[in-house]
Amino acid sequence: MSWTPICKKPAPDEPAPNLIDETVMRAGFSWENARAELAGLPNGGLNIAYEAVDRQVEAGLGKTVALRWLGKNGERREYTYADLAHLSNRFANLLERLGIGKGDRVCTLAGRIPELYVTALGTLKVGAVFCPLFSAFGPEPVRVRVAKSRARLLVTTSLLYQRKILPQREQLPDLEHVLLADGDDDSNVRSFHTLMEAESDRRAPPTTLPEDWALLHFTSGTTGAPKGAVHVHDAVAAHRLTGRWVLDLRPGDVFWCTADPGWVTGVSYGIIAPLTNGVTLVVDEAEFDARRWYAILARERVNVWYTAPTAIRMLMKVGADAAHGHDLSALRFMASVGEPLNPEGVIWGLETLGQPFHDTWWQTETGAIMIANTRDRDIRPGSMGQPLPGVEAAIVRRRSDGGVDLLESGEEGELALRTGWPSMFRGYLEDEARYRQCFAADWYLSGDLATRDADGYFWFLGRSGDVIKTSGHLIGPFEVENVLLEHPAVAEAGMIGKPDDYAGQIVKVFVALKPDHAPDDALRRELLGFARNRLGPAVAPRELEFMSDLPKTRSGKIMRRLLRAQELGLPPGDLSTLENNDGNES
Ligand code: WT7
């Protein structure tokens, strides 16, 4: 591992009340103490939405702005904690009227609109399970996830409904109710707002218990269909604590998490962590635009910003000039997640925005940040940071007998976490076998390859399977290849991530055609269009290359490792320079 200098941060000009003496914090830490900070409910109950809004109203934050929504056409709407408490009560009452309750799944398929946030909180209040779907998914990933979730109710918009649900609604027999955030009652859809108006905004406190299911996040593995990671209400202990410790959220702060709630970051840190910490959450409906983003940081006086390397790279590309003239003096802390944040990104933040980006590491399965560069320690640019209190991380090698060997600092292996933190997923929906594969003894195996230096900082090396990250989104080969195989001309398909300066990786597919099909440009365009229509822009391949045959193992498994080697112009055997290898399924 190459040595990278430590990034000394500018001395804070104010004390850091969140940061208790480090040694005391780490030595005296217990998740029980963290849980004790939550309000809780009678009879040992716990509810994420109650902690996020009602508790804050009781604590006197009723008039504080909880959600500041910036519409893509320049609208601006503010919801106080009291507003969110009332609206989520209404939605919970509405669900109850429709017979939806404990354990039932409620999906959203929408952009960053206020109705999504109300749906999330109201769903949690009745003890149903909130399952967000990314609005840029095409019809195929949407159908697979709604079907697998067995959602009984979906909140969406007219356009997304017409394009992605209506044409395949017969294939979704569990889906009884579709509510449109922007539409009127119709024979098979209802108006979200009309239904909401009929409900009371009062309701008794929730009756959920800490181990009741709360959230369902789909994620992809190397093989098979997407997996539904289940999280419980107990996770809120980790969301709240990491919001405070890692993101340094303090009462009165304005916080902007740029992640979409269609993915886990947009829920854990785009809804739960900020609201349970009583801050004002900024939500921008629009897509990335450098000038718009700088204007938001400045105009909204954002104090804490949580974003992703893809966005940072795009800002770097636009250049420092775009930041000039914007008053970013309110910015106090910036963090990044989702893909490797290179040292240049960290330093660029410091030089251009006045703060370094603090890299953080976690996964859909871990539910909350596990490893981070925290405010109190110097950053090692290029490192993900150190495990948080209450988190024990190690670099391990799986043994053939099912156990693991713990490796020394400097050795490369799989990043593992000792089980037992509150936001750890409790299962993959209807997939016990794959859940069990994630564990060896009492270690959770992340599927990431990493190393730890002598001072306890962790360094990301790559993935052990064939999943890739494109613009921060985790994509598995199964869904992409399967869609291509549906095309009559395609015999074989293999997906890889091709390195890209901005997206990190882009989705690239190699395709072998059936006899009688000519590999020409017209067919290439047709296949790319075919995939895009079904998968949506976030998942669809951007490049397609024809091959007469795909490399396969003797059992017929496509060897994506060799496709990657070919793409990078490497000798096929040279694993050390490849990001991924043929490790375990993850
Ligand atoms: C995978 C998890 C992170 C929560 C939202 C995405 C990669 C995550 C980092 C980082 C390098 C990172 C890992 C991880 N990843 N953070 N700081 N540096 N890689 O959750 O979609 O489940 O993705 O994202 O490969 O396993 P996810």
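For the single chain, residues carry numbers from 1 onward in sequence order. The structure presented is a predicted model; accordingly, all values stated were derived computationally and were not measured. Indexing begins at 1, ligand by ligand and atom by atom, following the structure's order.
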F288 and L315, any side-chain heavy atoms less than 4.5 Å apart: yes

State whether the side chain of R426 and the backbone N or O of M424 hold a donor-acceptor pair below 3.5 Å, judged by distance alone. yes

Step through the shown structure and confirm whether more than 12 heavy atoms of other residues, nucleotides or ligands are within 6.0 Å of CZ on R418. yes

Can you name the residues that come within less than 4.0 Å of ligand 1, going by heavy atoms only? V264, T265, V337, G338, E339, P340, D359, T360, W361, W362, Q363, T364, M384, D448, F460, R463, K469, L474

Between F29 and W245, does the ring centre distance come in under 6.0 Å? yes

No-hydrogen, no-angle side-chain donor-acceptor test under 3.5 Å, T374 and D376: yes

Tell me, do L133 and C131 make a side-chain contact under 4.5 Å, heavy atoms counted? yes

